Q: 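Please read through the structure below; I'll follow up with questions.
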Amino acid sequence: AAISVLFVYSRNEANMRNMMNDKIISISSMISDGLKEVRRPSDMDMSAVQKLIEQVGSDTNSDISIYSPDGRMIGSTSPIVFNRQLMEERLDGNAYGKIMFNRKSYHIQKESIGPVSFYSMYSPVVNSRGDIMAILSSPYSEDTYDFEEDSMMHYMTIVSLFLLFLLVFLDFLLSCK
């Protein structure tokens, strides 16, 4: 049963990673599409960018923060988190390096605020020429994918099958006497 739970956990971890990959790529594509004609980061109309991330956030049911290529926050669908200084207004250094220097198309890392852990998904926002106009960030909570329910159902199925086979075996033994 323990091996089964381990299998379910690793399968669920892979499923969650795939869901995060798909989500950050979708968000990035939608925002990049909205900014494809911008030539330089300084040309971005900040009110239009704010409307864009709010629309994409609504469409994808996501909180989105957007940062300038130098790592400063320039917009967010949940500014209260930054206004109350629960999070920094600068992009995480590790994520910045992965996007700007290693040229990753996305980066996902586990972060925490106090006792709350979550994943942060990062991706560059590019124009039609492929130039980085901004970097976006979106949190992904493990609560959105119920590992425990899935692993418990798997565990209960195995226990039920074991008990069923045990009953059949005992019935066989008793009928042979």
Side-chain angles (χ1 to χ4, degrees), residues 9-147 150:
Y9 179 79
S10 64
R11 184 191 70 202
N12 287 345
E13 186 75 20
N15 287 346
M16 187 179 70
R17 282 276 175 188
N18 287 336
M19 289 186 331
M20 286 190 291
N21 293 348
D22 291 346
K23 188 165 190 171
I24 193 62
I25 289 169
S26 295
I27 293 169
S28 179
S29 293
M30 294 168 80
I31 293 174
S32 289
D33 189 53
L35 298 176
K36 66 183 172 194
E37 299 306 319
V38 176
R39 293 290 167 220
R40 294 184 308 271
S42 59
D43 295 342
M44 288 191 294
D45 175 358
M46 298 322 299
S47 63
V49 169
Q50 185 63 36
K51 286 179 188 173
L52 176 62
I53 65 171
E54 286 172 4
Q55 182 62 50
V56 172
S58 175
D59 291 348
T60 61
N61 195 26
S62 305
D63 287 330
I64 300 170
S65 296
I66 192 162
Y67 298 85
S68 65
D70 66 358
R72 287 177 294 110
M73 188 178 70
I74 56 177
S76 178
T77 58
S78 57
I80 193 165
V81 172
F82 297 96
N83 292 341
R84 291 193 179 168
Q85 297 179 342
L86 298 174
M87 290 187 74
E88 297 289 323
E89 288 197 29
R90 296 206 51 89
L91 186 63
D92 176 83
N94 183 48
Y96 183 83
K98 298 285 185 188
I99 300 297
M100 295 302 290
F101 302 125
N102 297 355
R103 298 298 213 196
K104 298 277 187 180
S105 59
Y106 64 87
H107 174 67
I108 299 170
Q109 66 186 27
K110 196 161 197 167
E111 297 182 1
S112 62
I113 299 176
V116 179
S117 290
F118 57 94
Y119 286 92
S120 285
M121 307 177 296
Y122 298 92
S123 182
V125 175
V126 297
N127 64 10
S128 59
R129 296 185 311 195
D131 301 325
I132 296 177
M133 296 294 103
I135 302 168
L136 68 87
S137 171
S138 183
Y140 187 92
S141 170
E142 290 177 329
D143 295 340
T144 58
Y145 194 81
D146 196 352
F147 295 118
D150 198 20

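Computed from a prediction, not measured in an experiment: that's the story for all the values here.
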Q: Between Ser58 and Glu54, is there a donor-acceptor pair closer than 3.5 Å when you use the side chain of the first and the backbone of the second?
A: no
Q: Sequence neighbours left out, what passes salt bridge (Lys or Arg N to Asp or Glu O under 4.0 Å) with Arg129? Give chain and number order.
A: Asp131
Q: May I ask you to check whether over 12 heavy atoms, not counting those of Asn61, lie within 6.0 Å of atom CG?
A: no
Q: Less than 4.5 Å apart, any side-chain heavy atom of Arg72 and any of Arg90?
A: yes
Q: So, using salt bridge (Lys or Arg N to Asp or Glu O under 4.0 Å) as the criterion, who are the partners of Asp33 when residues are at least two apart?
A: Lys36
Q: Any heavy-atom pair between the side chains of Asp43 and Arg40 that's under 4.5 Å?
A: yes
Q: Any side-chain heavy atom of Met73 within less than 4.5 Å of one from Ile66?
A: no
Q: Quick check: closest heavy atoms across Ile135 and Tyr96, and the distance to 0.1 Å?
A: CD1-CD1, 4.0 Å
Q: Restricting to non-hydrogen atoms, name the atom on Arg39 and the atom on Asn127 that form the minimum distance, rounded to 0.1 Å.
A: O-ND2, 3.6 Å
Q: For a quick test of reading the model, state the closest non-hydrogen atom pair linking Pro69 to Ile132 and the distance between them.
A: CG-O, 3.8 Å
Q: Rounded at 0.5 Å granularity, tell me how far CD1 in Ile24 sits from CE in Met19.
A: 14.0 Å
Q: Any chance the side chains of Ser120 and Glu111 put a donor and an acceptor closer than 3.5 Å?
A: yes
Q: Show your reasoning for whether side-chain contact (heavy atoms from CB on, under 4.5 Å) applies to Asn21 and Tyr106.
A: CA-CA 8 Å; Asn21 293 348; Tyr106 64 87; 3.2 Å; yes
Q: Return the set of residues passing side chain to side chain contact (heavy atoms under 4.5 Å, CB included) with Met20 (not counting sequence neighbours), or none when no residue passes.
A: Met16, Arg17, Ile108, Tyr119, Met121, Tyr140
Q: Output, in order, the C-alpha distance, side-chain angles, deciding distance and verdict of side-chain contact (heavy atoms from CB on, under 4.5 Å) for Ile74 and Gln50.
A: CA-CA 9 Å; Ile74 56 177; Gln50 185 63 36; over 6 Å; no
Q: Which atom pair, heavy atoms only, marks the closest approach of Gln109 to Asn94?
A: OE1-ND2, 2.7 Å
Q: Using every non-hydrogen atom in the two residues, find where Thr77 and Ser62 come nearest and quote the distance to one decimal.
A: OG1-O, 4.0 Å
Q: Here's a test for you: under side-chain hydrogen bond (donor to acceptor under 3.5 Å, both in side chains), which of Ser123, Ser138, Ser105 qualifies with Ser28?
A: Ser123
Q: Looking at CD1 of Ile53 and CD1 of Ile64, how far apart are the two atoms once the value is rounded to the nearest 0.5 Å?
A: 6.5 Å
Q: Ile31 and Leu52: which non-hydrogen atoms are nearest, and at how many Å?
A: O-CD2, 3.6 Å
Q: Look at the rings of Tyr122 and His107 and say which category their plane angle falls in: under 30° parallel, 30 to 60° tilted, over 60° perpendicular.
A: parallel
Q: State the CG-OH distance between Asp92 and Tyr67, to the nearest 0.5 angstrom.
A: 9.0 Å
